[in-house]
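A short write-up of the structure that comes next.
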2 protein chains.
Amino acid sequence: MVKILGMKRLHIDRPLTLIGMEDEVDRLVAAWRRERPDLDVEPLEVLSRVSRLARHLDRARRLAFSEHGLEPWEFDVLTSLRRAGAPYQLSPGQLLTQTLVTSGTMTNRIDRLAKKGLVERLPDPSDRRGVLVRLTPEGRDRADQALAGLLAQERAILAQLSQSQRGDLAGLLRQLTAPFDNIPG
Amino acid sequence: MVKILGMKRLHIDRPLTLIGMEDEVDRLVAAWRRERPDLDVEPLEVLSRVSRLARHLDRARRLAFSEHGLEPWEFDVLTSLRRAGAPYQLSPGQLLTQTLVTSGTMTNRIDRLAKKGLVERLPDPSDRRGVLVRLTPEGRDRADQALAGLLAQERAILAQLSQSQRGDLAGLLRQLTAPFDNIPG
DNA sequence: CATTTATATCTCGATGTCAAGATACTCGTG
DNA sequence: CACGAGTATCTTGACATCGAGATATAAATG
């Protein structure tokens, strides 16, 4: 690995044919360096890959969940409740911070899940503004089944990396996500 | 870093207070380990972070682009054309593979960008089924301005990492994205 | 206590995305 | 050169999301 910390823009020559495949972001970055040699586009090497990979994962997940008759958004809500532990209930507000959607979206999601019998809405006994969303037994089963399927799929995707690489990757990503998750961005 | 490669599920104890902040995925993983100790949820350490970070980035980008009067989807299309180099034109199909949306979405996007005068549609001279989408001069300017803004923002986000860490992270992500980008998933 | 400020959730209209199918054209074979 | 398979793009209708504002309740302030 080339390390020249003082340089403005550093161009790392990797023997792609030896250590791995080229991806779309490599092509994207090369194109920018040709078209806009005045700019330092190094940040795209990381963050464009994050965005594109997330998009691929969305598609893969949609497929995996369809075998269990769930949409990705349904999975997100049901598993948030499942993780909370018995009695499997959270406020809509708590669900917001876990799923990163707006309140209007969450209201709509809860409505639809309630109509399907996977969750139910209860009044919060300690705050009359509040509501508690509770998983039904069927909702819990569906969440558990879909989770197993998701983990199998993700394990296949991650087989590209060694265990220590996965650990490194998780650690690096944590450093980027922590500011968003803690200082409420 | 603990390395016990033979183990089924390995639990890495990191002194969080010393080497970094906890994030939402740490809490998520801890909750699963409590609720479903029978499952190995290690894959989530990586892929849930990718998804959540992408979501945070979407929000940040929306903000950055609004200063230039652009939506994220407009930026994606315009910069794809900009990167192609003069005469800044691509087929809708080429735009699909770069932006990871469906053909219906791309048709709609091109319609709206054409109505705003940022791109124009031309018949493909070599294939009468085909169309070429070309950037207008104004579209090109808007793309260039927004790109500069985006890079500044991304640099701030990545300041959490050293240069060599950014290189490592890009490399690890490439290993995960390459299969999707090459074997057309 | 009265008033203000903050919080929790919901309502609603606009919009972007997707999936599936329709249409038009090209290419390889026989 | 006719035909079937393949390709490129567009059309359509259903649907999920967002943002802004509405409503109701709680907490803080003087």
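Since the structure is predicted, the reported quantities are computational estimates derived from the model, not experimental observations.
- Under 3.5 Å, the side chain of B:S103 and the base of D:dC10 form at least one donor-acceptor pair of N or O atoms.
- The CG-P distance, from B:D124 to C:dT26, rounds to 10 Å in whole Å.
- Contact check, B:R59 against D:dC18: no side-chain N or O comes under 4.0 Å of OP1 or OP2.
- Summary of the strand contacts: A:R121 and B:R128 both lie near DNA chain C, and taking for each the nucleotide with the nearest heavy atom, the more 5' one is attributed to A:R121.
- Between A:R62 and B:E71, the residue whose closest nucleotide on DNA chain C is further toward the 5' end is B:E71.
- Proximity of A:R55 to the phosphate of C:dC18: a side-chain N or O atom is located under 4.0 Å from OP1 or OP2.
- Distance, A:L95 CG to C:dT7 C1': 17 Å, rounded to whole Å.
- For the pair A:N108 CG and C:dG16 C1', the interatomic distance rounds to 15 Å; values are reported in whole Å.
- What separates CH2 of A:W73 from C1' of D:dC18 is a distance of 16 Å, to the nearest Å.
- Between the CZ atom of B:R61 and the P atom of D:dC18 there is a distance of 15 Å, rounded to whole Å.
- If you check D:dC18, C:dC18, C:dG16 against the side chain of B:R112, the one that comes closest is C:dG16.
- In this structure, the CG atom of A:D76 is 14 Å from the C1' atom of D:dT17, given to the nearest Å.
- OP1 and OP2 of C:dT17 both lie 4.0 Å or more from every side-chain N or O belonging to B:T105.
- In this structure, A:R112 forms a cation-pi arrangement with A:W73, its terminal cationic atom sitting closer than 6.0 Å to the ring centre and no more than 45° off the ring axis.
- Applying the 4.0 Å criterion to OP1 and OP2 of D:dC15, one finds that A:R109 has every side-chain N and O outside that range.
- For A:D127, the side-chain atoms get nearest to C:dA8 when compared with the rest of C:dT9, C:dA8, C:dT17.
- Between the base of C:dT7 and the side chain of A:R129 there is a donor-acceptor pair shorter than 3.5 Å.
- Summarising the geometry, the separation between CG on A:L100 and C1' on D:dC18 is reported as 14 Å, rounded to the nearest angstrom.
- Checking each of B:T177, B:V46, B:L53 against A:L53 for a side chain to side chain contact (heavy atoms under 4.5 Å, CB included) leaves exactly one that passes, namely B:T177.
- The phosphate of D:dT9 (OP1 or OP2) has no side-chain N or O of B:T107 nearer than 4.0 angstrom.
- B:L172 is connected to A:V50 through a chain of hydrophobic side-chain contacts under 4.5 Å among Ile, Leu, Val, Met, Phe, Trp and Tyr, so both are in one cluster.
- Under a cut-off of 6.0 angstrom, the local environment of CZ in B:R128 is sparse, with at most 12 non-hydrogen atoms contributed by other residues, nucleotides or ligands.
- Counting non-hydrogen atoms of neighbouring residues, nucleotides and ligands closer than 6.0 angstrom, the CZ atom of A:R27 exceeds 12 such neighbours.
- Residue contacts shown for B:G104 include a base, since a base heavy atom lies under 4.0 Å away.
- Note: CD1 (A:I110) to P (D:dT17) measures 12 Å, nearest angstrom.
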